[in-house]
Amino acid sequence: MAARLDSFGLSELAARPEDAFRLASLAMAEGTRVPGCRGDYSRLRLGDAEVVFRTMGDPATGEEELLGMDTHAATACVWDCTVVKDLTPAEADPMSRRVLVRTGDGGDRAVVDLVCPEVLPDIREGDALRLGMAGFPLRVSYDAEGNASGVVEATEDAVLLQGAVKDAKVGETFLGMEPLTKFLSVTVSTRMGDIELCHPMEMVPENQRDSVKAGAAVSAYCVLSGDCAVGEYAGGLVFDEAHDFAVLAAFFRRGGPERLLPMLRSDCACTFLENRQEGVENALALLGMVREDLAEAGLCRCDAGTLTSEGSRGRRCLLLGDGKGNYAFLVLLELDSLGRVRELTITNNPQYDFELMR
């Protein structure tokens with residue numbers, strides 16, 4: 001959603017549909033592939049800027065569908081924040097998310113368009129996010145003598161941001177070895193954390209350009225872009241017991257069996273009571289049917305648990321119930337050495353004693 005090529009002076013790269021398609025083709029052919037739950041992201045570095053294309057397989061044809069593009073900056077600015085609310089527009093594609101976040105206990109809030117959100121197992125209210133942060137000003141003002149309060153205030157789809165300039169430099173963009181454009185890359189300190197503001201010099205009034213330097217105060221109305229593919233998620237999806245259970249819990253809460261596909265082995269097996277299905281297509285079909293039946297029965301509340309039975313004490317499980325402390329089923333996983341699911345079992349066998357995970 002944060003496709004701000006103009007912030008880097010790169011609007012001509014996607015001025016026409018055929019130009020955008022060529023850029024997308026280049027990203028998919030020569031960029032870095034970042035796998036997500038529903039599809040993949042293709043990240044192409046353009047010097048100090050980058051473009052990220054969202055793609056997802058069409059279930060009807062199996063062909064890869066190009067959904068859209070995001071832009072981001074080469075930045076070391078990271079926010080550790082908490083999701084307050086999902087603000088994703090109804091018309092957004094499945095590979096896009098917009099959220100309202102906060103950091104710490106402060107009153108500041110920010111609306112952030114997420115880049116590569118599908119690398120995460122789930123994004124819910126109260127979840128902790130670690131985001132690589134860039135901002136694309138729509139209006140900006142610099143004052144060498146001003147007050148840098150560091151305030152961030154959310155509007156409907158952008159933020160009003162005030163902070164102190166920590167560093168200001170000229171960013172450069174390249175396509176291969178060919179130089180393209182230059183832009184301002186300004187690191188700003190706010191109460192929510194440091195952020196990289198990217199915009200053309202022409203956006204700054206003539207009488208303020210000498211103030212674009214460390215120590216100045218900056219005020220900007222801008223769109224924020226938060227990259228989810230950082231830290232442990234830099235290479236995309238993570239497969240291990242905790243992440244697999246998180247993806248599975250999101251499926252039982254909201255549906256969407258296609259999000260399970262990357263974590264299931266092609267030869268996986270799924271067992272629900274006495275019904276056992278082998279192979280990923282059959283397993284997904286069974287899981288989809290079970291999820292519908294559980295939803296009709298009001299049993300889509302998921303809680304993390306551990307087994308306490310002799311011989312399996314401490315083994316992780318997922319508890320399925322009504323949200324009132326009554327659990328009808330538990331889910332067990334067997335993983336391969338890469339963290340993908342070899343065997344998934346949904347059972348109400350009374351031999352399994354359990355407790356909620358602390």
Side-chain angles (χ1 to χ4, degrees), residues 1-8 10 13-14 17 20-21 23-24 27-28 31-44 49-59 63-73 75 79 81-101 109-125 127 129-136 138 154-159 195 198 222-230 233-237 246-247 250-251 253-262:
M1 285 180 283
R4 304 293 308 189
L5 285 172
D6 57 315
S7 296
F8 305 107
L10 295 173
L13 286 183
F21 182 76
L23 187 60
M28 287 184 275
T32 301
R33 197 82 158 185
V34 182
C37 288
R38 282 191 177 91
D40 292 340
Y41 301 94
S42 296
R43 186 191 299 272
L44 181 65
E50 58 184 29
V51 291
V52 182
F53 286 90
R54 309 184 297 272
T55 56
M56 187 174 71
D58 186 334
E63 295 183 0
E64 194 169 49
E65 180 183 4
L66 177 61
L67 301 180
M69 176 186 69
D70 298 303
T71 52
H72 204 63
T75 176
W79 285 7
C81 50
T82 301
V83 178
V84 176
K85 187 178 181 180
D86 190 334
L87 299 177
T88 307
E91 68 275 11
D93 65 71
M95 301 285 286
S96 301
R97 294 291 290 274
R98 175 181 293 156
V99 293
L100 179 69
V101 301
R109 301 286 190 272
V111 176
V112 183
D113 288 340
L114 300 183
V115 177
C116 303
E118 281 291 306
V119 304
L120 303 179
D122 200 6
I123 302 175
R124 304 172 66 205
E125 181 179 331
D127 283 354
L129 294 183
R130 186 170 178 82
L131 303 173
M133 292 300 300
F136 305 127
L138 306 174
T155 64
E156 183 177 348
D157 55 6
V159 300
I195 186 166
C198 303
C222 53
V223 174
L224 299 191
S225 174
D227 188 6
C228 298
V230 298
Y233 298 106
L237 288 172
V247 173
F251 160 71
R253 293 187 190 104
R254 297 190 300 274
E258 70 280 355
R259 295 190 83 246
L260 302 177
L261 187 59

Ignoring hydrogens, what is the shortest heavy-atom contact between [X] and [Y]? Give both atom names and the distance.
X	Y	value
Cys37	Pro262	O-CG, 3.3 Å
Ser42	Arg33	OG-NH1, 3.3 Å
Val119	Gly236	CG1-CA, 3.9 Å
Leu66	Thr55	CD1-CG2, 4.0 Å
Ser225	Phe136	CB-CE1, 3.8 Å
Arg98	Pro89	NH1-CG, 3.5 Å

task: Output yes when Glu118 and Arg97 qualify as a salt bridge under the 4.0 Å nitrogen-oxygen rule, no when they do not.
output: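 Looking at Arg97 together with Glu118, the answer is no, because their closest N to O distance does not fall below 4.0 Å.
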
* Asked: Is the closest basic N to carboxylate O distance between Asp227 and Arg43 below 4.0 Å?
  ->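 The answer is yes: the pair qualifies as a salt bridge.
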
Test your reading of the model: is there a side-chain donor-acceptor pair from [X] to the backbone of [Y], 3.5 Å cut-off?
X	Y	result
Tyr41	Met95	yes
Thr71	Arg4	yes
Arg259	Pro121	yes

Any chance CZ of Arg253 has more than 12 other-residue heavy atoms, nucleotides or ligands included, within less than 6.0 Å?
->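 Counting neighbours around CZ of Arg253, more than 12 heavy atoms of other residues, nucleotides or ligands fall under 6.0 Å, so yes.
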
Glu64, CD: over 12 other non-hydrogen atoms inside 6.0 angstrom
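Enclosed.
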
Does [X] reach the side chain of [Y], with side-chain heavy atoms less than 4.5 Å apart?
X	Y	result
Leu5	Met69	yes
Arg124	Arg254	yes
Asp113	Val223	yes
Leu23	Phe53	yes
His72	Asp70	no

For the pair Leu224 and Ile195, evaluate side chain to side chain contact (heavy atoms under 4.5 Å, CB included) and give the outcome as yes or no after the intermediate values. CA-CA 9 Å; Leu224 299 191; Ile195 186 166; 3.4 Å; yes

task = Please report the C-alpha distance between Leu260 and Val247 in whole Å, then the side-chain angles of each, then the deciding distance to 0.1 Å, and finally whether the side chain to side chain contact (heavy atoms under 4.5 Å, CB included) criterion is met.
result = CA-CA 7 Å; Leu260 302 177; Val247 173; 3.9 Å; yes

| request: Please step through side chain to side chain contact (heavy atoms under 4.5 Å, CB included) for the pair Leu120 and Leu129, ending with a clear verdict. | output: CA-CA 9 Å; Leu120 303 179; Leu129 294 183; 3.6 Å; yes

Fill in: OG1-CZ distance between Thr82 and Arg109, expressed to the nearest 0.5 angstrom
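So the gap between those two atoms works out to 9.0 Å.
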
Exercise for the section: Output the distance between atom CG (Leu100) and atom SG (Cys81), rounded to the nearest 0.5 Å. Expected result: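 Answer rounded to 0.5 Å: 10.0 Å.
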
### Query
Can you check side chain to side chain contact (heavy atoms under 4.5 Å, CB included) on Thr75 and Met133, steps first, answer last?
CA-CA 7 Å; Thr75 176; Met133 292 300 300; 6.0 Å; no

